[in-house]
Amino acid sequence: DKGGWSSFMAKEVSEQPEAIANTIRGRLQDGQVVIPELDGLDDLFVGINRVIITACGTASYAALVGKYAIEQWARVPVDVELAHEFRYRDPVIGDDTLVVSISQSGETMDTLMAVKYARERGARTLSICNTQGATIPRESDAVVYTHAGPEVAVASTKAFSAQITALLLLGLHMGRVRGTVADASTDVAELQALPDKIARVLNEEQEHVAQLARWMADTRSVLFLGRHVGYPIALEGALKLKEISYIHAEGFAAGELKHGPIALIEPGQPVFVLVPSPRHSALVHSKVVSNIQEIRARGARVIVVAEEGDAAVLPYADEVIHIPLAGAMFEPVLAVVPLQIFAMALATAKGLDVDQPRNLAKSVTVE
Ligand code: M6R
């Protein structure tokens, strides 16, 4: 039931504040993150030397955000690998490896086979899943459920933001258990503030972004740039656009620009740039601003997603989409929302079915 919304996707995008609140609920205790499902499983986190996160599609972009968070908080090296690549090589894994799988459906065959393979090789396995009792969690040593509620639209939205949230929780939980996070009170406050901040992005930017998408309905290609945790969000923004509006879109790490992609910039080329807050790192921020200057000088039409009050981007942006202030690891959950709205509004402007894009299935249960 679409509950009065024009599509399941529109409904699911709007449900994100609730989805994130549900994913966090019951997992915070006295300024710390304590995931009750992981009670008694500390050995999954203390006896390991590395983490591999495996997933497909959108879930693999959540995984990339998870890499930054887990490395920062739990001080253990993390690699992200697409499930279908992981299984068909000879990865170096064993009982010192925790393999984290991420899947909305819990039934993606590529991811399931990667989990089985990891177990056969003696690795410990933990899954992040949105579907209670699905196959992947049943095949894993432990599961952390995202409580985003059923996701019907083929293009993943609320499951993605809930996956990132679950990974942030996991990183802080692991950090506590490993003794690398002594005081999580600031991060806990950031988590608690996320639902309201997402609601603000929805309320304040929805119409602006939808209008932008309508203006751009004839666009043939859109590029997305991000740095640090903005990089996976650039990848996700591009995937959403490909999936539902059938427009060529690519996401890049902003630092890669001059290693190739800048050759694509010609006058009028729309480029979304995810600008990290200058409060997190003045250096990273200034690097992104200079990337913006480089593409602007070549005629790109620059659409910036930036923190409220970031005046440095204004002289070089054709459009600015604002997100509320948030800690570095928490920004991706906010920054992805306008990109979801953009893809949805553009597909709608083209008269396409946003819930059932051509050639795609909600759950890919074959390899
Ligand atoms: O159910 P899963 O999370 O395992 O699905 C993984 C991908 O197939 C999925 O995220 C896909 O990329 C979506 N259509 C993205 O919107």
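Counting starts at 1 for both ligands and their atoms, following the listed order.
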Quiz item: What ring pair (Phe, Tyr, Trp, His ring centres under 6.0 Å) pairs are there with at least one residue in residues 150-169, not counting sequence neighbours?
Solution: none

Exercise. Measure from the side-chain N and O atoms of E331 to the backbone N and O of S277, and report whether any donor-acceptor pair falls under 3.5 Å.
Key: yes

Quiz item: Hey, are the side chains of E107 and V364 touching, using non-hydrogen atoms and a 4.5 Å cut-off?
Solution: no

Quiz item: Can you list the ligand 1 atoms lying under 4.0 Å from a non-hydrogen atom of C56?
Solution: 6 (C), 7 (C), 10 (O)

Quiz prompt | Lys/Arg N to Asp/Glu carboxylate O, D353 vs R358, below 4.0 Å | solution = no

Quiz item: Quick one: which ligand 1 atoms are inside 4.0 Å of a heavy atom on S103?
Solution: 1 (O), 2 (P), 3 (O), 4 (O)

Practice problem: Using a strict cut-off of 4.0 Å, indicate which atoms of ligand 1 neighbour a heavy atom of G57. | Solution: 12 (O)

Self-check item: Numbering as shown, the atoms of ligand 1 that approach S156 to under 4.0 Å (heavy-atom distance)
Solution: 15 (C), 16 (O)

Exercise. With sequence neighbours excluded, tell me which residues meet side chain to side chain contact (heavy atoms under 4.5 Å, CB included) with Q132.
Key: Y145, H147

Practice problem: Output the list of atoms in ligand 1 that are nearer than 4.0 Å to some heavy atom of V154, sorted by atom number. | Solution: 13 (C), 14 (N), 16 (O)

Exercise. Walk me through it: do L191 and L28 pass the test side-chain contact (heavy atoms from CB on, under 4.5 Å)?
Key: CA-CA 9 Å; L191 283 165; L28 306 179; 4.1 Å; yes

Self-check item: Under 4.0 Å to a heavy atom of K240 - the qualifying atoms of ligand 1, by number
Solution: 15 (C), 16 (O)

Quiz prompt | Residue and atom name of the nearest protein heavy atom (relative to atom 8 (O) of ligand 1), distance in Å to one decimal | solution = V364 CG2, 4.2 Å

Exercise. Below 4.0 angstrom from a heavy atom of S105, which ligand 1 atoms are there? Numbered from 1 as shown, please.
Key: 1 (O), 2 (P), 4 (O)

Quiz item: For ligand 1, is there an N or O atom under 3.5 Å from any N or O atom of E243?
Solution: yes

Quiz item: Going by heavy atoms, is S363 under 4.0 Å from ligand 1?
Solution: no

Quiz prompt | Distance from atom 2 (P) of ligand 1 to nearest protein heavy atom, with residue and atom | solution = T108 OG1, 3.3 Å

Quiz item: Can you check whether T58 has an N/O within less than 3.5 Å of an N/O in ligand 1?
Solution: yes

Self-check item: Lys/Arg N to Asp/Glu carboxylate O, D79 vs R50, below 4.0 Å
Solution: yes

Quiz item: Among E18, E15, E12, E151, which one satisfies salt bridge (Lys or Arg N to Asp or Glu O under 4.0 Å) with K158?
Solution: E15

Quiz prompt | Residue Q104 vicinity, atoms of ligand 1 by number, heavy atom under 4.0 Å | solution = 1 (O), 2 (P), 3 (O), 4 (O)

Self-check item: Name of the residue among T135, V115, L112 meeting side-chain contact (heavy atoms from CB on, under 4.5 Å) with S140
Solution: V115

Practice problem: Examine the proximity of ligand 1 to E107 and report which part, side chain or backbone, both or neither, has a heavy atom under 4.0 Å away. | Solution: neither

